[in-house]
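So the structure is just underneath, and the comments pick up after that.
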Number of protein chains: 2
Amino acid sequence: MVSHRTVGRLSLYRRLLNGLAGQGTRNVYSHQLAAMAGATPAQVRRDLMAVGYMGSSTHGYDVSELTKSIGNFLDDQTGQAAALFGIGNLGRAILSYFTGRRPNLSIVAAFDVDENKIGRVIHGCRCYSVEELETVARENDIRLGILAVPAAAAQNVAENMVRAGFRGILNFAPAPLKVPAGVYVEDIDMTMSLEKVAYFARQGARLQAAEIVEQENSRVLETAKGDQQ
Amino acid sequence: MVSHRTVGRLSLYRRLLNGLAGQGTRNVYSHQLAAMAGATPAQVRRDLMAVGYMGSSTHGYDVSELTKSIGNFLDDQTGQAAALFGIGNLGRAILSYFTGRRPNLSIVAAFDVDENKIGRVIHGCRCYSVEELETVARENDIRLGILAVPAAAAQNVAENMVRAGFRGILNFAPAPLKVPAGVYVEDIDMTMSLEKVAYFARQGARLQAAEIVEQENSRVLETAKGDQQ
DNA sequence: ATCACGGCGTGAATAAATTCACAAGGAATT
DNA sequence: AATTCCTTGTGAATTTATTCACGCCGTGAT
Ligand SMILES: NC(=O)c1ccc[n+]([C@@H]2O[C@H](COP(=O)([O-])OP(=O)(O)OC[C@H]3O[C@@H](n4cnc5c(N)ncnc54)[C@H](O)[C@@H]3O)[C@@H](O)[C@H]2O)c1
Ligand SMILES: NC(=O)c1ccc[n+]([C@@H]2O[C@H](COP(=O)([O-])OP(=O)(O)OC[C@H]3O[C@@H](n4cnc5c(N)ncnc54)[C@H](O)[C@@H]3O)[C@@H](O)[C@H]2O)c1
């Protein structure tokens with residue numbers, strides 16, 4: 001029902017709202033959120049329609065109420081547990097990053113094939129052998145996986161995840177995962193992202209003049225009526 | 001001119017083509033590439049229009065020729081050098097990943113504020129103090145940056161990059177970067193991605209039945225004429 | 001030869017995402 | 001109490017992305 005992109009932006013808005021709450025701000029307007037998120041005010045308002053929280057035309061949105069509403073929309077009430085697969089260079093970085101970040105979306109187990117890692121506790125997270133997957137997943141009700149194993153092993157590990165009842169995979173391996181319908185896969189492809197940066201950096205240099213003109217136009221229009229970006 | 005999404009997919013197609021070449025495949029059809037990339041054949045063909053290489057209707061695309069064409073389109077002939085900022089948990093993983101991967105898009109310098117890291121060589125990459133940025137960037141003609149410093153430092157570091165003439169930034173810090181027009185920023189936001197997975201995993205469970213039906217329909221149609229996905 | 005098949009490139013159609021633009025309303029000001 | 005200002009929510013319009021669908025062309029079978 002609600003789009004892919006909207007869900008992503010809602011997550012971003014929530015983080016921005018947390019930042020605002022941290023510095024004591026109590027309410028916020030769509031144009032402020034938009035400026036922080038790099039979106040337009042209209043887009044922010046439209047995205048917020050999905051969560052069903054309504055702002056006031058005089059004070060905008062109440063920061064803590066809106067945060068709560070986005071939480072209701074995005075989060076599972078029971079909290080969702082995730083498992084990490086592959087405790088290599090990237091896996092360890094991810095563990096350190098997600099440890100103690102969002103209370104109700106945390107990595108509760110890690111899996112690897114390396115004997116040296118199995119049984120250890122890294123960043124507060126116990127490390128298991130992949131053989132134990134079904135058991136550990138069932139016991140902890142884990143349905144989300146983060147895949148950080150070598151590309152050659154990725155498909156195989158993904159299939160084990162599916163067999164263990166996983167419903168979502170965040171995939172860092174540069175390999176196209178084939179999973180049955182109903183399992184959601186989100187890829188993070190760093191090579192692709194870096195190549196995009198390289199391409200558009202080049203292009204941007206070429207188009208810079210034009211963009212600056214365009215930007216100045218919108219700056220001018222901003223003072224006129226309506227929501228300009 | 002050519003869209004954001006198309007550039008990303010071209011990068012993906014290239015990786016898939018490299019895989020095919022590695023296993024000795026000499027030519028490939030749009031529907032095969034589409035299946036591997038999770039796209040439709042029509043989309044593949046349309047994306048390839050951007051690079052200007054034409055396939056044959058009988059043998060599809062020549063793997064090595066197409067790879068070369070995509071390279072001409074995506075890559076800078078002079079090769080683009082990138083610098084890494086922040087050699088922490090994530091930075092080190094990134095260094096290990098990109099080292100010796102793409103020949104003409106590599107990380108040639110790393111910057112940090114930590115005295116213990118400055119002067120060392122990590123994964124074949126020399127580590128400098130951020131004070132040396134302007135000099136090192138000029139000497140090595142670096143215009144791309146990978147930002148992996150703590151969120152609180154990100155904006156500041158980004159401004160230094162811009163001052164040093166950088167045109168593109170791959171940003172891992174969960175902080176909204178404000179840069180002048182003409183500088184391209186691509187964000188990789190792992191928290192957002194994981195929250196998307198959590199959301200759609202839940203949703204997918206709910207919609208699974210419907211999706212399966214839909215998938216079976218398209219399987220059936222696949223044998224009929226036209227390009228179905 | 002002729003024909004049928006399967007795939008390519010691409011204009012046209014469709015779908016999806018974003019933006020415009022305006023009614024409605026609350027507070028401050030006159 | 002009327003006016004002004006600035007905001008929200010949302011239909012409608014627009015822009016962007018994807019998919020359809022068909023003309024064309026080599027190839028291999030008849
Ligand atoms: N390092 C990065 O920054 C980076 C960036 C982008 C993508 N990636 C991708 O992420 C993945 C991991 O990268 P890395 O640098 O951490 O690699 P790594 O070699 O450091 O770590 C891989 C880990 O996976 C484990 N492993 C191997 N097979 C396994 C299996 N079948 N089941 C469970 N665990 C298994 C290994 O024991 C090892 O601990 C790779 O696919 C890589 O391409 C890494
Ligand atoms: N670890 C992860 O997997 C992960 C995932 C997503 C996002 N991130 C983000 O990436 C960034 C880095 O994460 P990390 O886990 O590597 O953190 P980290 O603390 O391990 O490393 C940060 C590094 O940046 C250096 N640094 C600090 N200020 C600097 C400055 N002004 N200039 C240059 N270097 C500076 C520090 O010395 C340190 O080496 C953070 O913004 C984090 O939120 C990390």
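The sequence lines fix the lettering, A, B, ..., with proteins before strands; numbering per chain opens at 1.
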message: Less than 6.0 angstrom separating the ring centers of A:Tyr199 and B:Phe73, yes or no?
response: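 Ring-ring flag for A:Tyr199/B:Phe73: true, centres closer than 6.0 Å.
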Taking atom [atom2] of [N] as reference, at what distance in whole Å does atom [atom1] of [X] sit?
{"X": "A:Met54", "N": "C:dG25", "atom1": "CE", "atom2": "P", "value": "13 Å"}
{"X": "B:Tyr53", "N": "C:dC8", "atom1": "OH", "atom2": "P", "value": "11 Å"}
{"X": "A:Arg45", "N": "D:dT8", "atom1": "CZ", "atom2": "C1'", "value": "6 Å"}
{"X": "B:Leu48", "N": "D:dT19", "atom1": "CG", "atom2": "P", "value": "15 Å"}
{"X": "B:Met49", "N": "C:dT10", "atom1": "CE", "atom2": "P", "value": "4 Å"}
{"X": "A:Asp62", "N": "D:dT8", "atom1": "CG", "atom2": "P", "value": "13 Å"}
{"X": "A:Gln32", "N": "D:dC6", "atom1": "CD", "atom2": "P", "value": "14 Å"}

query: Charged N to carboxylate O under 4.0 angstrom, B:Arg14 versus B:Asp75?
result: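 Result for this pair is yes, salt bridge flagged.
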- prompt: Salt bridge between A:Arg5 and A:Asp47, side-chain N to carboxylate O under 4.0 Å?
  reply: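 Salt bridge flag = no for A:Asp47 with A:Arg5.
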Among [options], the nucleotide that comes nearest once only the side chain of [X] is considered:
{"X": "B:His31", "options": "C:dG7, C:dG9, D:dT8", "value": "C:dG7"}
{"X": "A:Ser30", "options": "D:dT8, C:dG7, D:dA21", "value": "D:dT8"}
{"X": "B:Ala42", "options": "C:dG7, D:dC20, D:dT10", "value": "D:dC20"}

message: Run the side-chain hydrogen bond (donor to acceptor under 3.5 Å, both in side chains) test against B:Ser57 and tell me which residues pass, sequence neighbours left out.
response: none
- prompt: Can you list the residues that meet the salt bridge (Lys or Arg N to Asp or Glu O under 4.0 Å) rule with A:Glu159, with sequence neighbours excluded?
  reply: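 None.
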Let me check something: any side-chain donor-acceptor pairs from residues 17-24 of chain B under 3.5 Å, sequence neighbours excluded? List them with distances.
none

Under 3.5 Å, is there a donor-acceptor pair linking the side chains of [X] and [Y]?
{"X": "B:Thr191", "Y": "A:Tyr97", "answer": "yes"}
{"X": "B:Asn27", "Y": "B:Asp62", "answer": "no"}
{"X": "A:Thr67", "Y": "A:Tyr13", "answer": "no"}

message: Using 30° and 60° as the class boundaries, would you call the ring planes of B:Phe166 and B:Phe85 parallel, tilted or perpendicular?
response: perpendicular
task: Have a look at the helix from C:dA1-D:dT30 to C:dT30-D:dA1 and give the angle its two end axes make, five pairs each, rounded to 10 degrees.
output: 10°
message: Using a 4.0 Å heavy-atom cut-off to protein, can you give one letter per nucleotide of nucleotides 13-18 of chain C, 5' to 3': B if the base is in contact, S if only the sugar-phosphate is, - if neither?
response: ----SB
field: Pairwise distance CD1(B:Ile146) to CZ(B:Phe172) - rounded to 0.5 angstrom
entry: 6.5 Å
message: Counting only side-chain nitrogens and oxygens, does A:Tyr61 get under 4.0 Å of the OP1 or OP2 atom of D:dG9?
response: yes
Can you give me the N/O atom pairs linking the protein to nucleotides 23-30 of chain D at distances under 3.5 Å, or say none if there are none?
unit_1, atom_1, unit_2, atom_2, d
D:dC25, O2, B:Ser57, OG, 3.2

